[in-house]
**Student:** 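One structure follows; several queries about it will come next.
Order of the sequence lines fixes the chain letters, A, B, ..., with proteins taken first and strands second; residue numbering starts at 1 for each chain. No hydrogens, no waters, no symmetry mates; every other heavy atom, side chains included, goes into these values.
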There are 2 protein chains.
Amino acid sequence: MIDKLKEQDYRLTPQRLAVLKILAGSDAHPSAEHIYEQVKVDFPMTSLATIYKTLTLLKEIKEVLEISIGDDHNHYDGRRPYPHPHLICNACKKIIDADMVDLSKVSQHLAKKTGYRITNYQINFFGICPLCQKKV
Amino acid sequence: MIDKLKEQDYRLTPQRLAVLKILAGSDAHPSAEHIYEQVKVDFPMTSLATIYKTLTLLKEIKEVLEISIGDDHNHYDGRRPYPHPHLICNACKKIIDADMVDLSKVSQHLAKKTGYRITNYQINFFGICPLCQKKV
DNA sequence: ATATTTATCGATAATGATTCTCTGTTTTGA
DNA sequence: TCAAAACAGAGAATCATTATCGATAAATAT
Ligand SMILES: [Mn+2]
Ligand SMILES: [Mn+2]
Ligand SMILES: [Zn+2]
Ligand SMILES: [Zn+2]
């Protein structure tokens, strides 16, 4: 991630490093607000706008994946910055990766059938996770 | 659609009928704003709030499907009010149904593997449609 | 038919995530 | 050493959606 920024002549500021650290250190798909709260622990004067600017930059260089689950705020995955399916619990709102399903074939089949040049996808399954099922 | 509303003791007002008519008569996945513009042709004093309230109602009784494509405004499908995949052109923004792929098996496989009780999904493929490819 | 209750409407304010703007600071490179 | 460019911070602006609330229309009871 750091290398990718250096390659493209972007500056490595403390604020950016802090955002990178949160993203790289979490597989919980944090929101911008959540990243902001975490970054403020070490850099209390950081602005929320800076978080958004950093996320926009990371999106552009394909180092972070933006996930919209219709929850009115987006989530970010810095661990797997390529399209992949997610599994969201409607009860506890946890978001996990659903790597066990491979949709590249589906995507290829769709492209062949329709003539579309498919460049991206966003796939979210919603339900109740095993833990929340127990909590009836 | 009308029957479903009657069954559940909702009133059939002219405004609601107008919204239903737009939804039933279009497979273009219109936005709330677009529905609003269309409804205003026949009922010029209709409020945008009424459109949203009607859409919320139709969502609740499962007569319309809400689609979020990360475009900052939602789209609605009254023709196929159950989860199904979509194909979105990044150039002309057209949204079409991608019925040729069946994801019920994927969903079942995922449920079995993870223990989730899957109740819904939202699947969007993004790309360039054949028409926009020609326009290069 | 008239009164009463209740759902729905229209207008507009509020909300809240994200983006924009502007100013001051830091980094870069000659 | 110094000008140019990149970046950060603060807060205003945007804009889709929701909430509020008094007015109106439909349903129901008298
Ligand atoms: Mn992920
Ligand atoms: Mn559809
Ligand atoms: Zn859960
Ligand atoms: Zn197109």
**Student:** Is any NZ, NE, NH1 or NH2 atom of the basic residue among A:Arg80 and A:Asp97 found under 4.0 Å from an Asp or Glu carboxylate oxygen of the other?
**Tutor:**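 A:Asp97 and A:Arg80: salt-bridged.
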**Student:** How many whole angstroms separate atom CG of B:Asp71 from atom P of D:dC15?
**Tutor:**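 Roughly 13 Å, once rounded to whole Å.
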**Student:** In this structure, how many angstroms lie between the C1' atom of D:dA5 and the CG atom of A:Asp9, rounded?
**Tutor:**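 It works out to 12 Å between those atoms.
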**Student:** Of the options D:dC7, D:dG9, D:dT17, whose atoms approach the side-chain atoms of A:Thr50 most closely?
**Tutor:**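 Of all the options, the side chain of A:Thr50 is nearest to D:dG9.
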**Student:** Using whole Å, report how far OH of A:Tyr36 lies from P of D:dA10.
**Tutor:**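 Distance check: A:Tyr36 OH to D:dA10 P gives 8 Å.
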**Student:** Please state how far atom NZ in A:Lys53 lies from atom P in D:dC7, giving the value in whole angstrom units.
**Tutor:**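 Checked: the NZ to P distance equals 10 Å.
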**Student:** How close or far is atom P of D:dT24 from atom CE of B:Met45, stated in whole angstroms?
**Tutor:**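 Computing the B:Met45:CE to D:dT24:P distance gives 13 Å.
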**Student:** Starting at CZ of B:Arg16 and ending at C1' of D:dA26, how long is that distance when rounded to a whole Å?
**Tutor:**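 That distance rounds to 11 Å.
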**Student:** OP1 or OP2 of D:dA26 sitting under 4.0 Å from any side-chain N/O of B:Thr13?
**Tutor:**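 Checking D:dA26 against B:Thr13, no side-chain N or O comes under 4.0 Å of OP1 or OP2.
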**Student:** Which whole-number value in Å describes the distance from B:Leu48 CG to D:dT17 P?
**Tutor:**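 About 9 Å, once rounded to whole Å.
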**Student:** If you assign B:Asp72 and B:Ala49 each to the DNA chain D nucleotide with the nearest heavy atom, which residue ends up on the more 5' nucleotide?
**Tutor:**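 The 5'-side residue here is B:Asp72.
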**Student:** Taking heavy atoms of chain B and a 4.0 Å limit, find me the 5'-most and 3'-most nucleotide of DNA chain C within that range.
**Tutor:**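 The footprint of chain B covers C:dT6 to C:dT12.
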**Student:** Just how far, in rounded Å, is P of D:dA8 from OH of A:Tyr10?
**Tutor:**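 My rounded result for the distance is 13 Å.
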